[in-house]
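Here the structure comes first, spelled out in structure tokens, and everything after it is commentary.
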Protein chains: 2
Amino acid sequence: MKVKLVTNILEANDRIAAENKKIFHEADVYVMNIMSAPGAGKTSLIEKTIKGLNGKLKIGVIEGDIAGTDDAQRIEGLGIPVVQINTGGACHLDANMISEVIADFPLKDLDLLIIENVGNLVCPAEFKVGEDMKVMLLSIAEGHDKPLKYPLMFQESSALILNKIDLLPYTDADIGKIKKDSLSLNANLKIFEVSCRTGEGINEWTKWLQSLVA
Amino acid sequence: MKVKLVTNILEANDRIAAENKKIFHEADVYVMNIMSAPGAGKTSLIEKTIKGLNGKLKIGVIEGDIAGTDDAQRIEGLGIPVVQINTGGACHLDANMISEVIADFPLKDLDLLIIENVGNLVCPAEFKVGEDMKVMLLSIAEGHDKPLKYPLMFQESSALILNKIDLLPYTDADIGKIKKDSLSLNANLKIFEVSCRTGEGINEWTKWLQSLVA
């Protein structure tokens, strides 16, 4: 019975996600859904991406959090249109939440809409929101056992961004194992190594993103 | 309607959790539910706790993961009875999952049952499993904004273990802010600073835990 319940919720979600996707495509805006565990650096990546693209793309941002507006304030400080969704108890964004904020954006003026999901390695991978691409971040400090423990997130993502690469010398994380296990789950996964703190690797990432949006 | 659905699930869960708790109390076993984001170091803390207690308490462990048996193998290697629960898609353990594995433990021979929840800062805080105490880990590498973003987890926990304290010099995390915000959410929260990698702070933690079980 529990499985049936979840299936129904996911079917309803998929219908709304398809409607969102249609609206995004008609406005010719590329939509990226960023997912990770709490504290892997999603907001920092968005900040670095906005700065790295330096006006080459017109960007909007949707911030998803259980509570608080810290992340939206960080993005707003960069002069980017941003909407904060507070999910209350819900551990992921769903298509309906996105549907409700679409009208707050000047969609036709945007090239790229970045959606920052709630920090969670599980449920965000199950709920489509109408995105063109899912991207996941993994902090090196989380260790190398994550791909085989949270396989769906790695399977659903088009790109894996290994963040906090500057901490690598101070941890026991085996980056080779992360890559090998990730690619065994998803052979098409594009992998980037970055540090949002030092800026290492950000240029390669933003160039690739720009090529997708174009 | 979505809210009603969630309420029904939680009410059913609470009933089963109360049944579990009764069984645990009759067997005179203390039950600790450990929660954190993915990669904060739950399994490492359990390993260090078992080694630190050095046979002073008879311990059993339940490992919760979406997939995989890595964690259970690590605990089994220490000669401790362990059961792995694979939740499939579910992002948390619930009382029914625990109920189904209770019979696998020699409960009356145990002093302490440690339950390692699925790595997730959201839903595990909502689902009681019959525990005497919830404990949460926060890795310093996750940053200092977590208490205000994931308040329920901090409110529901009796202790907050700040792990990976050895990484503090290499991050921008403000440990004072973490403590201040955590205590503003839960004034009774007992806070420990540890490194499961170097062993720092483990002794203080195990002594406190031992005093609770006794």
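Note on naming: letters A, B, ... go to the chains in the order of the sequence lines (proteins, then strands), and numbering restarts at 1 for each one.
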Check your understanding: For the side chain of A/Tyr170 and the backbone of B/Pro169, is there at least one donor-acceptor N/O pair under 3.5 Å apart?
Key -> no
Exercise for review: Would you please classify the geometry between the B/Phe192 ring and the B/Trp208 ring as parallel, tilted or perpendicular, with 30° and 60° separating the classes?
Suggested key: tilted
Review point. What part of B/Ile66 lies closer than 4.5 angstrom to a heavy atom of chain A: side chain, backbone, both or neither?
Key: both
Point to revise | Listed partners of B/Gln73 passing side chain to side chain donor-acceptor pair (under 3.5 Å), at least two apart | key: B/Thr69
Review point. Can you tell which of A/Asp70, A/Leu152, A/Asn120, A/Val118 has the highest number of heavy-atom pairs within less than 4.5 Å of chain B?
Key: A/Asn120
Exercise for review: Pick one of side chain, backbone, both or neither for B/Lys149, based on which atoms fall under 4.5 Å of a heavy atom in chain A.
Suggested key: both
Exercise for review: Examine distances only and state if a side-chain atom of A/Asn186 and a backbone atom of A/Phe154 form a donor-acceptor pair shorter than 3.5 Å.
Suggested key: yes
Check your understanding: Is it true that a side-chain atom of A/Ser157 and a backbone atom of A/Leu160 form a donor plus acceptor pair closer than 3.5 Å?
Key -> no
Review point. Looking at A/Thr171, A/Asp145, A/Asn86, which makes the most heavy-atom pairs under 4.5 Å with chain B?
Key: A/Thr171
Point to revise | A/Asp172 portion near chain B, given a 4.5 angstrom heavy-atom threshold | key: both
Exercise for review: Please list, chain by chain and in numerical order, all residues satisfying salt bridge (Lys or Arg N to Asp or Glu O under 4.0 Å) with A/Lys190, sequence neighbours excluded.
Suggested key: none
Exercise for review: Look at B/Arg197, B/Lys146, B/Lys164 and state which one has the largest set of heavy-atom pairs under 4.5 Å with chain A.
Suggested key: B/Arg197
Practice item. Look at B/Gly68, B/Pro151, B/Ala141 and state which one has the largest set of heavy-atom pairs under 4.5 Å with chain A. Key: B/Ala141
